[in-house]
Undergrad: 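The structure is given below, and queries will be raised subsequently.
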Amino acid sequence: MLYSRQYFNSIRVLSVFSLCTKYLTNPPMNKNNSKVYYLLFFINILFLNPTAFSQELSDSLASKEAKTLYKNLYQLSKTHTIFGHQDDLAYGVNWKYEKRRSDIKDVVGDYPGIYGWDIGKIEHQSPLNIDKVPFNKMKKYIKQSYKRGGVITLSWHFDNPLTSGSSWDTTKNTVASILPGGVKHQLYITWLDNAAKFMGKLKGKHRTQIPILFRPFHEITGNWFWWGTDSSSPEEMKLIWRFTVDYLRNTKKLHNLIYVYNANNFGSEEEFLERYPGDDVVDVLSFDMYQFQLEDKLSFIQNVKNQAEILTKVGTEKNKMIAFAETGFEQIPDPTWWTQTLWEAIKDYPFSYVLVWRNAGFMPSINKSHYYGPYRGQTSSDDFIKFYQNEKTLFEKDLSQKNIYK
């Protein structure tokens with residue numbers, strides 16, 4: 001036992017010495033940072049915080065697979081970023097439900113490393129989700145990608161429980177209505193039951209539950225959802241988040257969930273954490289941001305960097321993994337967007353993954369084509385190949401080789 005501790009401490013000293021040398025020689029400088037800051041930070045790790053190198057999920061009963069995935073993702077995030085795509089296997093531009101098809105795979109011969117899906121409408125036990133993807137197909141896609149070594153993340157655009165409106169119905173006091181004692185609390189419990197039933201049935205080859213990066217109440221600092229800043233107070237959101245996690249974890253016994261706290265448009269650490277429910281119910285810190293116009297390139301890059309700085313600092317202090325959970329540029333009109341905009345924005349930060357939104361193709365409801373990933377022949381596809389070839393980006397084949405669930 002004495003030898004093990006000495007060995008561990010020696011490794012820790014060498015690791016921190018190496019990091020100190022790297023960052024003091026060439027620190028990631030900005031107007032708020034200094035060499036002194038980084039020196040003090042590493043001294044704190046070395047002498048005052050011996051557990052800083054470990055990564056543990058907030059759920060003490062988390063499944064072995066979930067624990068292993070989280071530790072491996074965190075370790076990879078120090079040097080790599082996984083690319084993800086929403087609804088990747090279900091449809092793409094000009095196709096739908098074709099076996100083993102993917103717009104991403106059509107371009108680079110490989111699938112994304114992380115797959116995003118949304119369980120909106122599961123609350124009503126609907127056979128189709130909010131984007132009309134059958135839940136039975138979604139379940140198959142999730143199992144297939146997990147078997148190949150991919151990672152799964154779920155968001156939930158659930159309807160407004162107070163008014164029966166959509167996620168974008170920002171009627172005030174909706175969150176208050178689903179808290180314990182609220183007029184819609186029991187309804188919310190049935191919604192959680194329906195979601196838990198679906199997530200609990202996501203199992204791999206040996207009947208073990210597939211680890212899920214679960215991102216409830218996403219874009220929590222925005223004002224466009226019923227759980228947003230115009231419709232609920234910070235205290236209400238903290239309470240409903242904690243109730244939700246407690247119910248899924250302790251009542252429904254789901255121990256395969258890795259909880260992702262997700263913000264949008266924050267300008268300070270205080271704003272990012274204003275609705276933060278606590279370290280014991282959060283595992284990943286993340287934010288969403290999109291580019292909307294070609295002329296927004298430089299401001300997009302700078303805004304991503306500004307928020308990434310905050311996220312990196314908070315993640316380091318809380319010993320939490322960070323992610324760029326949702327982004328993109330609709331129709332990707334910039335032919336070098338992947339390497340000259342997205343990668344330029346994220347390359348200096350330890351994002352575990354970056355996920356772009358779905359490729360829905362032409363949508364009559366908005367009278368235009370709606371897609372965020374490249375497809376064969378698309379303007380940015382050649383640049384995406386360069387993004388794929390970047391040794392620091394990871395796709396499914398990379399993850400399969402790294403055995404992230406073992």
Undergrad: Do F83 and F384 have ring centroids that are under 6.0 Å from one another?
TA: yes
Undergrad: Please report whether the ring centroid of Y290 lies less than 6.0 Å from that of F329.
TA: no
Undergrad: Centroid separation under 6.0 Å, is that true for the rings of Y91 and Y97?
TA: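 Ring centres of Y91 and Y97 not closer than 6.0 Å.
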Undergrad: Counting heavy atoms not belonging to K140, are there more than 12 under 6.0 Å from its NZ?
TA: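 Incorrect, the count does not exceed 12.
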Undergrad: Under 6.0 Å between ring centres, would you say that holds for Y115 and Y146?
TA: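 Y115 vs Y146: aromatic centres not under 6.0 Å.
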Undergrad: Between H370 and F362, is the ring centroid distance below 6.0 Å?
TA: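 That pair fails the under 6.0 Å test.
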Undergrad: K406 vs E65, test: salt bridge (Lys or Arg N to Asp or Glu O under 4.0 Å). Steps then yes/no.
TA: CA-CA 7 Å; K406 296 181 180 178; E65 292 77 14; over 6 Å; no
Undergrad: Which word best sums up how the rings of F158 and W227 line up, parallel for under 30°, tilted for 30 to 60°, or perpendicular for over 60°?
TA: perpendicular
Undergrad: Report the residue from K238, K318, R242 that forms a salt bridge (Lys or Arg N to Asp or Glu O under 4.0 Å) with D280.
TA: R242
Undergrad: Mind checking whether Y261 and F272 have ring centres under 6.0 Å apart?
TA: yes
Undergrad: Hey, would you say the F217 and W156 ring centroids sit under 6.0 Å apart?
TA: no
Undergrad: Do you know which of L57, L73, L213 makes side-chain contact (heavy atoms from CB on, under 4.5 Å) with V284?
TA: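 Option passing the side-chain contact (heavy atoms from CB on, under 4.5 Å) with V284: L213.
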Undergrad: Assess the pair H124 and W191: is the distance between their ring centroids shorter than 6.0 Å?
TA: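 Centroid separation for H124 and W191: below 6.0 Å.
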Undergrad: Any side-chain donor paired with an acceptor under 3.5 Å for N223 and T229?
TA: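 No - no donor-acceptor pair under 3.5 Å links their side chains.
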Undergrad: Students often mix this up, so state it plainly: with edges at 30° and 60°, are the rings of F300 and W337 parallel, tilted or perpendicular?
TA: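 Taking W337 first and then F300, their aromatic rings sit tilted (interplane angle of 30° to 60°).
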Undergrad: Parallel under 30°, tilted from 30 to 60°, perpendicular over 60°: which one fits the rings of F225 and H157?
TA: perpendicular
Undergrad: Taking the six-membered ring of Y372, is NZ or CZ of R358 closer than 6.0 Å to its centre and within 45° of its axis?
TA: no
Undergrad: Using a distance-only test with no angle check, is there a side-chain donor-acceptor pair under 3.5 angstrom linking S63 and N256?
TA: no
Undergrad: Is the shortest side-chain N to carboxylate O distance from E309 to K305 below 4.0 Å?
TA: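 Salt bridge: no.
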Undergrad: Do D169 and S167 have a side chain donor and acceptor closer than 3.5 Å?
TA: no
Undergrad: Test R215 against E326 for salt bridge (Lys or Arg N to Asp or Glu O under 4.0 Å), laying out the working first.
TA: CA-CA 11 Å; R215 187 169 63 112; E326 200 177 304; 2.8 Å; yes
Undergrad: Should we say atom CD of E295 is surrounded by more than 12 heavy atoms from elsewhere, each under 6.0 Å from it?
TA: yes
Undergrad: Assess the side chains of N264 and T221: does a donor N or O sit below 3.5 Å from an acceptor N or O?
TA: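 On atom types as modelled, these side chains do not qualify, holding no pair under 3.5 Å.
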Undergrad: For the residue pair Y375 and Y371, is the inter-centroid distance of their aromatic rings smaller than 6.0 Å?
TA: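 Here the rings of Y371 and Y375 have centres that are less than 6.0 Å from each other.
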Undergrad: Would you check, one step at a time, whether the test salt bridge (Lys or Arg N to Asp or Glu O under 4.0 Å) holds for K252 with D193?
TA: CA-CA 8 Å; K252 305 308 292 185; D193 288 341; 3.4 Å; yes
